[in-house]
Structure formats: C-alpha cells, structure tokens
Peer 1: 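Sharing a structure below in structure tokens format, with a few things to ask.
The structure presented is a predicted model; accordingly, all values stated were derived computationally and were not measured.
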Amino acid sequence: MLLEMASVNVVLAILLGLLSLSSLVVDGRGMPSVTKNVQGGTKWAVLVAGSKGYENYRHQADICHAYQVLKRGGLKDENIIVMMYDDIAHNVNNPTPGVIINKPNGPNVYTGVPKDYTGEQVTAKNLLAVILGDKAAVTGGSGKVVNSGPNDSIFIYYADHGAPGSLAMPSGDELFAPDLIATLKKKHASGTYKSMVIYVEACEAGSMFDGLLPKGLNIYVTTASNPDESSWATYYDDHYQTYLGDLYSVSWLENSDEHNLQAETLEQQYKVVKVRTFDQYIGSHVMQYGDTSIRVEPVAVYMGVNQNTLKATPMKIYESDRQSSATPVLQRDADVLYLMEKFRRAKEGSEQRAEARKKLNEELSHRTHIDNTVKTIAAHLLGEEKAVEVLNAVRPTGTPIVDDWNCLKTSVATYKAHCGNLSSYGMKYIRAFANLCNAGVHEDQMAVAVAQACS
C-alpha cells in the first residue's frame with residue numbers, strides 16, 4: 001500500500017513538473033518566452049525614465065537594465081512599453097557612443113531596447129494613456145499600450161526625480177499623485193488585469209501613494225523613499241564622469257540578475273533592496289503600499305524566468321547585499337556634483353573649463369533664485385515667522401501632502417509662469433506650495449505673491 005502511494009506521488013510530481021514546464025515556450029533564439037502566465041494571462045511591463053540630459057544618465061541606464069531583466073525573463077517586446085528621452089546613448093559626453101552601462105565595467109544595457117516613446121513624447125499624458133490601454137489618447141510614438149486582459153499581470157517601473165506628490169517627466173508637466181491614482185482605479189474598474197506591481201525610484205516617492213492608494217485594487221507598490229526624504233544616486237564612474245545608477249534601482253535589478261525569480265518572492269526582494277538601500281547614515285527607507293498580500297507571489301510572475309538563474313543559490317539576505325562600495329549621494333546633489341567634476345577635470349584655461357564654470361554657476365544661481373523666491377512668497381502670504389513654520393511642516397504618515405490638489409497644481413503652474421522652471425532641485429518646494437494651500441492660501445493670493453516675488 002505504501003509503495004502504491006509513493007508511486008502515485010511520483011506520478012503527480014512528474015505531471016506537476018510537466019505543467020510547470022508547459023508555461024515556458026522557447027523562441028527562435030533558444031530563449032524562453034514566458035509572456036504567458038501559468039494561469040493563461042500575459043505579462044505586461046511599462047518602463048519609464050522621467051529625465052533627460054547626460055547629468056541624469058543613471059535614470060535611462062536603470063530603465064535599459066530593467067528591459068534586459070524582462071527580456072531575459074522571456075517577455076516579448078510587444079508586451080514591454082519603454083518611455084525614455086533617448087539622449088544618452090549617443091550623447092556627445094558619452095565616451096562609448098551607442099553604449100549605456102548601469103554599473104562600472106558593466107555590460108551594455110542599451111542593446112535592443114525598444115524606442116516606443118522618446119523625446120517630447122515622454123509625457124505624463126502619454127504614460128497614463130499607455131497604462132489604461134487607450135491607444136487613441138497617446139500622441140506620437142509607437143502607439144503601443146498595455147492592451148491587457150483580466151488574467152494578465154502588469155509591472156510598472158519609473159526612475160527619475162520626484163517631489164512631494166509628484167514625479168518629473170522630461171516633457172510637459174509633472175505627473176501628480178491623484179492623476180496616477182485615478183488612472184490605476186480606472187484600470188482596475190475596467191477589469192483588464194489580474195494583479196499589478198509598481199516600483200518607483202524617486203525622491204519622496206512614498207508621497208505618491210501614502211494615504212492615496214486604497215487596498216483592493218490588486219496593486220502592490222514599493223518605493224525608493226518614504227514621503228519625506230530623498231532617494232540616492234550611486235556608481236559614479238570616472239570614465240563616464242557621471243552616476244551610472246540609482247541605489248534602490250540597482251539593488252532590485254542586480255538582485256534580479258543573480259537570483260532565481262521563480263523561487264524568490266516579491267517580499268524577499270523587497271527585504272534585500274531595503275537592506276541595501278539604507279545603512280544607518282546613508283540611503284533611504286524603501287516603503288510598501290497597496291495590497292501587500294501580493295508580495296508572497298514569486299517575482300517571476302511579473303518579470304519572467306531567466307533560465308541561467310534557475311540553479312542559483314536560494315535567496316538570502318547576505319552582508320554583500322548591503323550598499324556597494326561606491327558612495328551614494330542624494331539625488332538632488334548629483335547634478336551639482338556632476339557639474340563640479342566637469343569643471344575640475346577640464347584643463348586650466350580651456351574653453352571646456354570656462355563652459356563648465358558657466359554651467360556650474362548657472363545651476364548654483366538657479367538654486368539660490370528658487371530658495372529666495374519661495375521664502376519671499378511665503379513671507380508675503382503669512383509673515384516671516386509663520387512662513388518658516390509652514391514651509392517646514394510635514395504631515396503625519398498616512399495623510400496626503402495636500403487637501404486641495406487643484407490649489408497645489410495651480411500654485412506650481414503659477415510659479416513656473418512667473419519665476420521659471422523649478423528643476424529637479426526646486427521640485428522639493430512642491431511641499432511648500434502644498435503647505436501654503438493647507439494653510440488656507442487661495443489661488444488668487446498665491447498669484448499676487450508670486451508675481452511680486454519674481455517681477
């Protein structure tokens with residue numbers, strides 16, 4: 001009797017193994033194609049770099065690396081939508097034209113990356129339309145959208161500068177939190193996905209979801225930072241003279257490169273990334289939002305299976321998973337440090353050194369301008385003493401940064417119209433405008449104060 005039961009168990013094990021293997025399809029290159037999930041659905045991915053300019057090299061490098069992870073995992077190009085300005089690979093400052101790397105001496109991650117939406121096509125409007133699968137609403141580009149069905153999984157990854165309640169885009173206005181949340185709710189209401197995972201690399205990334213993303217949408221989110229802190233750039237490279245990656249991003253990407261994602265859960269990856277991204281004095285706090293019950297699923301449900309890692313050592317949190325030896329820097333400091341290095345390395349008396357000095361001085365002057373004008377606006381509206389208190393206020397965890405989002409959007413737009421672009425540095429003052437709205441400042445009052453400050 002025991003022998004018969006053992007035989008039955010062996011047969012069942014073999015059948016289960018065959019069922020598991022049936023979810024893998026080998027393409028013409030001998031690579032596995034796992035765009036189809038075991039449950040019969042399709043894996044979709046949206047990869048977004050929200051910046052432009054060689055000083056922001058790292059964001060497009062992160063996105064290109066993510067594409068390679070998904071491609072090795074078996075996802076098809078038709079199911080991966082890439083949005084990036086695409087001004088890095090052939091940038092005049094790039095010492096290896098046509099090549100983008102995500103760590104020192106790393107492989108070329110630019111190879112084969114689809115150019116779905118580039119340049120002026122990388123906008124918040126297009127991103128939201130892509131997520132919704134609304135092909136008629138996109139402008140330019142390949143027209144590719146997430147045309148998903150009820151059994152499909154969706155992975156969204158964004159890398160760039162952020163601010164309280166907003167994410168930067170290289171073209172057009174910022175993406176504000178309520179617009180993203182409304183899109184996610186609409187996507188859920190359409191019944192066109194089974195589950196969704198979102199990774200966000202940005203300063204104050206947690207503020208996009210904290211107190212805003214409800215449970216019950218079958219969406220699991222991790223962010224590089226909590227609602228009140230910067231995220232970090234890393235891997236400065238002397239040859240490329242810029243930062244090649246972001247700390248949170250390279251943490252999950254390198255983990256995905258090395259481990260069997262069939263055996264590693266989203267929660268395990270979150271824990272590894274959390275440990276590596278914060279180390280006592282340096283780094284940020286990786287956060288989780290939404291339906292955290294999803295985190296028990298294998299990462300492979302969203303990123304596929306790299307056959308080369310199936311025999312990898314079972315995932316554990318090793319001491320080596322902590323921060324790399326490369327010293328990370330605050331995202332908003334990376335731009336200035338890049339310009340300082342350009343100046344330092346340029347030959348004394350050369351045109352390059354003069355140009356580097358000019359750009360560095362312009363950046364520092366721009367930052368001083370933003371600091372002074374925001375303080376002047378607040379003092380005009382509230383008085384100097386109260387202005388300091390309001391500008392530095394941070395709301396409790398679980399509370400959105402502002403009650404009236406229209407007031408915030410209008411205030412930011414008014415500032416831009418009168419005082420100029422906020423830039424990645426000035427985006428931190430979006431919290432200041434939110435606090436002014438929360439203090440009861442009306443849009444017409446804001447308009448008068450801004451006009452006076454920047455006349």
Peer 1: Return yes if a side-chain donor-acceptor contact under 3.5 Å exists between Asp87 and Gln60, otherwise no.
Peer 2: yes
Peer 1: Regarding Lys194 and the six-membered ring of Tyr302, is the cationic atom NZ or CZ under 6.0 Å from the ring centre and inside 45° of its axis?
Peer 2: no
Peer 1: Salt bridge or not between Arg395 and Glu204? Use side-chain N to carboxylate O under 4.0 Å.
Peer 2: no
Peer 1: Keeping Asn435 on the side-chain end and Val390 on the backbone end, is there a donor-acceptor pair under 3.5 Å?
Peer 2: yes
Peer 1: Around atom NZ of Lys115, are there more than 12 heavy atoms from other residues, nucleotides or ligands closer than 6.0 Å?
Peer 2: yes
Peer 1: Pair Thr192, Asp152 - check side chain to side chain contact (heavy atoms under 4.5 Å, CB included), show working.
Peer 2: CA-CA 7 Å; Thr192 53; Asp152 295 353; over 6 Å; no
Peer 1: Is any side-chain heavy atom of Asp403 closer than 4.5 Å to a side-chain heavy atom of Cys437?
Peer 2: no
Peer 1: Using the side chain to side chain contact (heavy atoms under 4.5 Å, CB included) rule, take Val336 and Arg367 through it: C-alpha gap first, then chi angles, then the decisive distance, then the call.
Peer 2: CA-CA 10 Å; Val336 167; Arg367 292 183 175 216; 3.3 Å; yes
Peer 1: Could you give me the CA-CA distance, side-chain angles and deciding distance for Tyr429 and Asp371, then say whether side chain to side chain donor-acceptor pair (under 3.5 Å) is met?
Peer 2: CA-CA 9 Å; Tyr429 284 113; Asp371 292 339; 2.6 Å; yes
Peer 1: Got a donor-acceptor contact below 3.5 angstrom from the Asn94 side chain to the Asn91 backbone?
Peer 2: no
Peer 1: Is there side-chain contact between Gln269 and Ser256, with heavy atoms separated by less than 4.5 Å?
Peer 2: yes
Peer 1: Using 0.5 Å steps for rounding, measure from the OG1 atom of Thr234 to the NZ atom of Lys103.
Peer 2: 12.0 Å
Peer 1: With a 3.5 Å cut-off and no angle check, do the side chains of Lys187 and Ser148 form a donor-acceptor pair?
Peer 2: yes
Peer 1: Is it true that a side-chain atom of Asn255 and a backbone atom of Ser251 form a donor plus acceptor pair closer than 3.5 Å?
Peer 2: no
Peer 1: Checking Asn126 side chain against Val122 main chain: does a donor-acceptor pair fall under 3.5 Å?
Peer 2: no
Peer 1: Any side-chain heavy atom of Leu184 sitting closer than 4.5 Å to one from Leu180?
Peer 2: yes
Peer 1: For residues Pro400 and Gly211, report the shortest heavy-atom separation together with the two atoms involved.
Peer 2: CG-O, 3.6 Å
Peer 1: Taking Lys144 for its side chain and Ile80 for its backbone only, find out whether a donor-acceptor pair lies under 3.5 Å.
Peer 2: yes
Peer 1: Please confirm whether Trp44 and Tyr193 have ring centers closer than 6.0 angstrom.
Peer 2: no
Peer 1: Before giving the answer on side chain to side chain donor-acceptor pair (under 3.5 Å), spell out for Arg58 and Gln331 the whole-Å C-alpha distance, their side-chain angles and the decisive distance to 0.1 Å.
Peer 2: CA-CA 10 Å; Arg58 59 196 181 277; Gln331 285 277 10; 2.8 Å; yes
Peer 1: Does Lys185 reach the side chain of Ile181, with side-chain heavy atoms less than 4.5 Å apart?
Peer 2: yes
Peer 1: Before you tell me yes or no, could you show the steps for Asn421 and His366 under side chain to side chain donor-acceptor pair (under 3.5 Å), namely the whole-Å CA-CA distance, both residues' side-chain angles and the distance that decides it to 0.1 Å?
Peer 2: CA-CA 9 Å; Asn421 186 29; His366 178 66; 5.8 Å; no
Peer 1: Answer whether the closest heavy-atom distance between the side chains of Tyr425 and Asp335 falls below 4.5 Å.
Peer 2: no
Peer 1: Counting only heavy atoms not in Asn105, do more than 12 sit closer than 6.0 Å to its CG atom?
Peer 2: no
Peer 1: Checking side-chain polar atoms at under 3.5 Å, does Ser225 have a donor or acceptor matched by the opposite partner on Tyr248?
Peer 2: no
Peer 1: Quick one: does any side-chain atom of Asn226 pair with a main-chain N or O of Gly206 as donor and acceptor, under 3.5 Å?
Peer 2: no
Peer 1: Identify the heavy atoms of Leu337 and Val329 that sit nearest to each other, and give their distance.
Peer 2: CD1-CG1, 3.8 Å
Peer 1: Mind checking the CG-CG spacing from Asn306 to Leu70? Nearest 0.5 Å is all I need.
Peer 2: 11.0 Å
Peer 1: For the atom pair CG (Asp246) and CG (Asp62), what is the distance rounded to the nearest 0.5 Å?
Peer 2: 4.5 Å
Peer 1: Any chance you could lay out the side chain to side chain contact (heavy atoms under 4.5 Å, CB included) test for Tyr270 and Arg295, step after step, and finish with the verdict?
Peer 2: CA-CA 9 Å; Tyr270 160 76; Arg295 64 190 176 186; 5.6 Å; no
Peer 1: Grab the two heavy atoms, one from Tyr220 and one from Thr292, that are nearest each other, plus how far apart they are.
Peer 2: CD1-CA, 3.9 Å
Peer 1: Side-chain contact test, heavy atoms from C-beta onward, threshold under 4.5 Å: evaluate it for Ser171 versus Tyr85 and give yes or no.
Peer 2: yes
Peer 1: Could you tell me which non-hydrogen atom of Gly245 sits nearest to which non-hydrogen atom of Asn102, and how far apart they are?
Peer 2: CA-ND2, 3.7 Å
Peer 1: Holding to salt bridge (Lys or Arg N to Asp or Glu O under 4.0 Å), I want the full list of residues that pass it with Glu55, two or more places apart in sequence or in another chain.
Peer 2: none
Peer 1: A quick test of your reading: do over 12 heavy atoms of other residues, nucleotides or ligands sit less than 6.0 Å from NZ of Lys416?
Peer 2: yes
Peer 1: Side chain to side chain contact (heavy atoms under 4.5 Å, CB included), that's the test. Do Asp179 and Leu128 meet it? Break it down for me.
Peer 2: CA-CA 8 Å; Asp179 300 321; Leu128 298 181; 4.1 Å; yes
Peer 1: Is it the case that more than 12 heavy atoms not belonging to Lys274 sit under 6.0 Å from its NZ atom?
Peer 2: no
Peer 1: May I ask you to test the Thr96-Ile101 pair for a side-chain heavy-atom distance under 4.5 Å?
Peer 2: no
Peer 1: Do the side chain of Asp210 and the main chain of Gly398 share a donor and acceptor less than 3.5 angstrom apart?
Peer 2: yes
Peer 1: Are Leu408 and Ile401 packed together at the side-chain level, in the sense that at least one heavy-atom pair is separated by less than 4.5 angstrom?
Peer 2: yes
Peer 1: For Gly165, does its backbone N or O pair with a side-chain atom of Ser207 as donor and acceptor, under 3.5 Å?
Peer 2: yes
Peer 1: Report the residue from Trp252, Tyr289, Tyr158 that forms a ring pair (Phe, Tyr, Trp, His ring centres under 6.0 Å) with Tyr199.
Peer 2: Trp252
Peer 1: For Tyr236 together with Tyr338, are the ring centres under 6.0 Å from each other?
Peer 2: no
Peer 1: Kindly compute the distance separating CG (Leu266) from CE (Met303), expressed to the nearest 0.5 Å.
Peer 2: 7.0 Å
Peer 1: Look only at the side chain of Asp160 and the backbone of Glu201, and say whether a donor-acceptor pair between them is shorter than 3.5 Å.
Peer 2: no
Peer 1: Looking at Lys71 and Asp77, does any basic side-chain N land under 4.0 Å from a carboxylate oxygen?
Peer 2: yes
Peer 1: Using salt bridge (Lys or Arg N to Asp or Glu O under 4.0 Å), reason through Lys359 and Glu363 one step at a time and then give a plain yes or no.
Peer 2: CA-CA 6 Å; Lys359 289 184 177 180; Glu363 175 63 23; over 6 Å; no
Peer 1: Counting distance only, does the side-chain N/O of Gln68 pair as donor-acceptor with the main-chain N or O of Thr111 below 3.5 Å?
Peer 2: yes
Peer 1: Distance check, rounded to the nearest 0.5 Å: Leu175 atom CG versus Leu167 atom CG?
Peer 2: 5.5 Å
Peer 1: Could you list the residues that satisfy ring pair (Phe, Tyr, Trp, His ring centres under 6.0 Å) with His59, not counting sequence neighbours?
Peer 2: His161
Peer 1: In terms of relative ring orientation, are Phe155 and Tyr157 parallel, tilted or perpendicular, with 30° and 60° separating the classes?
Peer 2: parallel
Peer 1: To the nearest 0.5 Å, tell me how far Met196 CE sits from Asp291 CG.
Peer 2: 11.0 Å
